[in-house]
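Notes for the one structure printed next.
None of these values were measured; they are calculated from a predicted model. Heads up: numbering here begins at 1 and tracks the sequence.
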Amino acid sequence: MEERGKIYLVATPIGNLSDMSPRAVETLREADLIAAEDTRNTIKLLNHFEIKTHMTSYHEYNRTEKAYELVRRAEQGETIAVVTDAGMPAISDPGEVLVRFALDAGIEVTIVPGPCAAVSALAVSGQPTGRFVFEAFLPQDKKERKVRLEALRDETRTMILYEAPHRLARTLAELAEVLGRERQLSLVRELTKKHEEVQWGSFSHFLQRYADEAGRAEIRGEYVLVIAGKSEAELRAEEAEAFADLTPAEHVAWYESQGFDRKEAMKKAAKDRGISRRELYHMLL
């Protein structure tokens, strides 16, 4: 029985070619085939490291049919290396389809780790890093975009988004409308390149900065937005506002309607109102 091949996900530099690992270079040299998002970009990388491996194009528009072809070749014993234009394949990238197909077919998939813009931007952002959510690019379809933005409204984790320079001002304005103008964020651009920059501030600050033509002219390079999640203080303030119009009895009844017993409902209502359970009890009397 013919031995099956393997698929390697190979991370490539996001700007600085010196970030290419020796193992990544070796893997690309020894592979039977490199599946590249854009062969015109990848050929520059291969030429720099004198890699002669044959390439095939694997991108958003052929991700399904080409994934089947690559899996078939791996089943026949070939070693396939997958690269994206920059960073980690399969992260906000058609490679995720290939990985799923390969695993379904019993093909081994392994990783050659390296640069990733989202995690790198988070690390230098100054925003909380313990819990985060990666959103990649917001949808361009108006309805889908609105749904996604609304889903972020109450997110408490740090949010990471990508954005192109010509859409940055619009995206900042839309996010500010949903998350609030005083929400803090970091704008990280041109990671690992000559003009790498990390900017900190509120949405209000950046909207003012980029309000005029001169400000918009400053917007250059690919951006990663790292946005602070909603704070516990904001959540408590919103909860207090939501219950402000309820009488104490209505407040307790609402919790009971959610399945809490009388004692627990009173405890939660008292906490919401910033009073003791004894005080709430007397108010109910």
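In this structure, CD on Glu182 lies 5.0 Å from OG on Ser204, to the nearest 0.5 angstrom. From Arg189, atom CZ reaches atom NE2 of His195 across 7.5 Å, with rounding to the nearest 0.5 Å. Considering CD of Glu69 and CG of Leu33, their distance stands at 8.0 Å, rounded to 0.5 Å. Considering NE2 of His54 and CG of Leu46, their distance stands at 11.5 Å, rounded to 0.5 Å. Lys268 contributes atom NZ, which lies 14.0 Å from atom NZ of Lys263 (distance to the nearest 0.5 angstrom). Of the inter-residue distances, the one linking Leu168 atom CG with Ile219 atom CD1 reads 4.5 Å to the nearest 0.5 angstrom.
The side-chain heavy atoms of Thr171 and Tyr223, taken from C-beta on, include no pair separated by under 4.5 Å. Leu175 has its side chain within reach of Leu149: a pair of non-hydrogen atoms, C-beta onward, lies under 4.5 Å apart. Side-chain contact between Met159 and Leu179 is present, with at least one heavy-atom pair separated by less than 4.5 Å. Counting only heavy atoms from C-beta outward, the side chains of Val224 and Ile160 approach each other to under 4.5 Å. With a 4.5 Å cut-off on side-chain heavy atoms, Tyr8 and Val82 do not count as touching. Side-chain atoms of Gln140 and Arg145, non-hydrogen and from C-beta on, do get closer than 4.5 Å to each other. At least one side-chain heavy atom of Pro13 sits less than 4.5 Å from a side-chain heavy atom of Leu45. Residues Thr110 and Lys6 have side chains in contact (heavy-atom distance under 4.5 Å, counting atoms from C-beta outward).
In terms of modelled atom types and a separation under 3.5 Å, the side chain of Arg153 and the main chain of Val178 share a donor-acceptor contact. In this structure, the side chain of Glu250 engages the main chain of Thr247 through a donor-acceptor pair within 3.5 Å. Without hydrogens or angle criteria, Thr84 side chain to Gly87 main chain gives no donor-acceptor distance under 3.5 Å. Listed for the Arg183 side chain is no donor-acceptor partner under 3.5 Å among the backbone atoms of Ser202. Judged by distance alone, the side chain of Thr158 and the main-chain N or O of Phe132 form no donor-acceptor pair under 3.5 Å. Of the possible donor and acceptor atoms, none in the side chain of Glu135 sits under 3.5 Å from a partner among the backbone N and O of Leu161. No donor-acceptor pair under 3.5 Å is formed between the side chain of Glu75 and the backbone N or O of Ile107. Formation of a donor-acceptor pair under 3.5 Å by the Tyr58 side chain with backbone atoms of Arg63 is found in this model. Side-chain atoms of Thr79 do not come within 3.5 Å of backbone N or O of Gly5 as any donor-acceptor pair. Counting only distance, with no hydrogens or angles, the side chain of Asp93 and the backbone of Pro89 share no donor-acceptor pair below 3.5 Å.
Contact between Gly77 and Asp32 at its shortest, heavy atoms only, is O-OD2, 4.2 Å. Pairing each heavy atom of Leu9 with each of Ala90, the nearest pair is CD1-CB, 4.3 Å. Minimum interatomic distance between Val226 and Ser125 (heavy atoms only, all atoms of both residues): CG1-OG, 3.5 Å. Here the closest non-hydrogen pair linking Ala105 and Val71 is CB-CG1, 3.7 Å. Taking each heavy atom of Thr12 and Ala86 in turn, the nearest pair found is OG1-CA, 3.8 Å. Minimum interatomic distance between Phe49 and Leu17 (heavy atoms only, all atoms of both residues): CZ-O, 3.6 Å.
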Problem - Working for side-chain contact (heavy atoms from CB on, under 4.5 Å), residues Tyr162 and Leu225 - result: CA-CA 6 Å; Tyr162 292 157; Leu225 285 65; over 6 Å; no
Exercise for the section: For salt bridge (charged side-chain N to carboxylate O under 4.0 Å, His left out), just list the numbers for Arg40 and Asp38, CA-CA rounded to whole Å, side-chain angles, deciding distance to a tenth of an Å, and then say yes or no. Expected result: CA-CA 5 Å; Arg40 295 168 299 181; Asp38 188 333; 3.0 Å; yes
Handout entry: side-chain contact (heavy atoms from CB on, under 4.5 Å) between Glu37 and Glu60, intermediate numbers included
Key = CA-CA 8 Å; Glu37 182 180 7; Glu60 180 68 22; over 6 Å; no
Problem - Worked verdict on Glu144 versus Leu138 for side-chain contact (heavy atoms from CB on, under 4.5 Å) - result: CA-CA 9 Å; Glu144 291 181 15; Leu138 290 172; over 6 Å; no
Exercise for the section: Apply salt bridge (charged side-chain N to carboxylate O under 4.0 Å, His left out) to the pair Glu26 and Arg23, showing each step before the final yes or no. Expected result: CA-CA 5 Å; Glu26 180 184 9; Arg23 182 177 170 222; over 6 Å; no
Practice task
Just do the side-chain contact (heavy atoms from CB on, under 4.5 Å) check on Val10 and Leu28 with the steps written out, would you?
Solution key: CA-CA 8 Å; Val10 183; Leu28 295 182; 4.1 Å; yes
Handout entry: Audit row: Gln199, Arg209, side chain to side chain donor-acceptor pair (under 3.5 Å) steps and yes/no
Key = CA-CA 11 Å; Gln199 305 171 51; Arg209 176 172 178 174; 2.7 Å; yes
Handout entry: Criterion ring-ring contact (aromatic ring centres under 6.0 Å, His included) on Tyr68 and Phe101, from CA distance to verdict
Key = CA-CA 7 Å; Tyr68 280 119; Phe101 286 6; 4.7 Å; yes
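Taking a 6.0 Å sphere around CD of Glu50, one finds it holds 12 or fewer heavy atoms contributed by other residues, nucleotides or ligands. Residue Gln208 qualifies as open at atom CD: its count of foreign heavy atoms under 6.0 Å is 12 or below. Annotation for Lys66: atom NZ counts as buried by contact number, over 12 foreign heavy atoms lying within 6.0 Å. Atom CD of Glu177 has 12 or fewer heavy atoms from other residues, nucleotides or ligands within 6.0 Å.
The cluster map of Ile, Leu, Val, Met, Phe, Trp and Tyr, joined by side-chain heavy atoms under 4.5 Å apart, puts Leu185 and Leu122 in different clusters. Hydrophobic clustering (ILVMFWY, side-chain heavy atoms < 4.5 Å, transitive): Trp200 and Leu187 are in distinct clusters. No continuous path of hydrophobic side-chain contacts links Val147 to Leu152 [ILVMFWY only; heavy atoms under 4.5 Å]. Placement of Ile80 and Ile111 within a single hydrophobic cluster is found when ILVMFWY residues are connected by side-chain heavy-atom separations under 4.5 Å, directly or transitively. No continuous path of ILVMFWY side-chain contacts below 4.5 Å connects Val188 to Phe206, so the two sit in separate hydrophobic clusters.
Under the 4.0 Å criterion applied to side-chain N and carboxylate O atoms, Arg262 and Glu256 are assigned as salt-bridge partners. A salt bridge is absent between Glu196 and Lys193: the closest approach of a Lys/Arg side-chain nitrogen to an acidic carboxylate oxygen does not fall below 4.0 angstrom. Using a 4.0 Å cut-off between a side-chain N of Lys or Arg and a carboxylate O of Asp or Glu, Arg170 and Glu174 qualify as a salt bridge.
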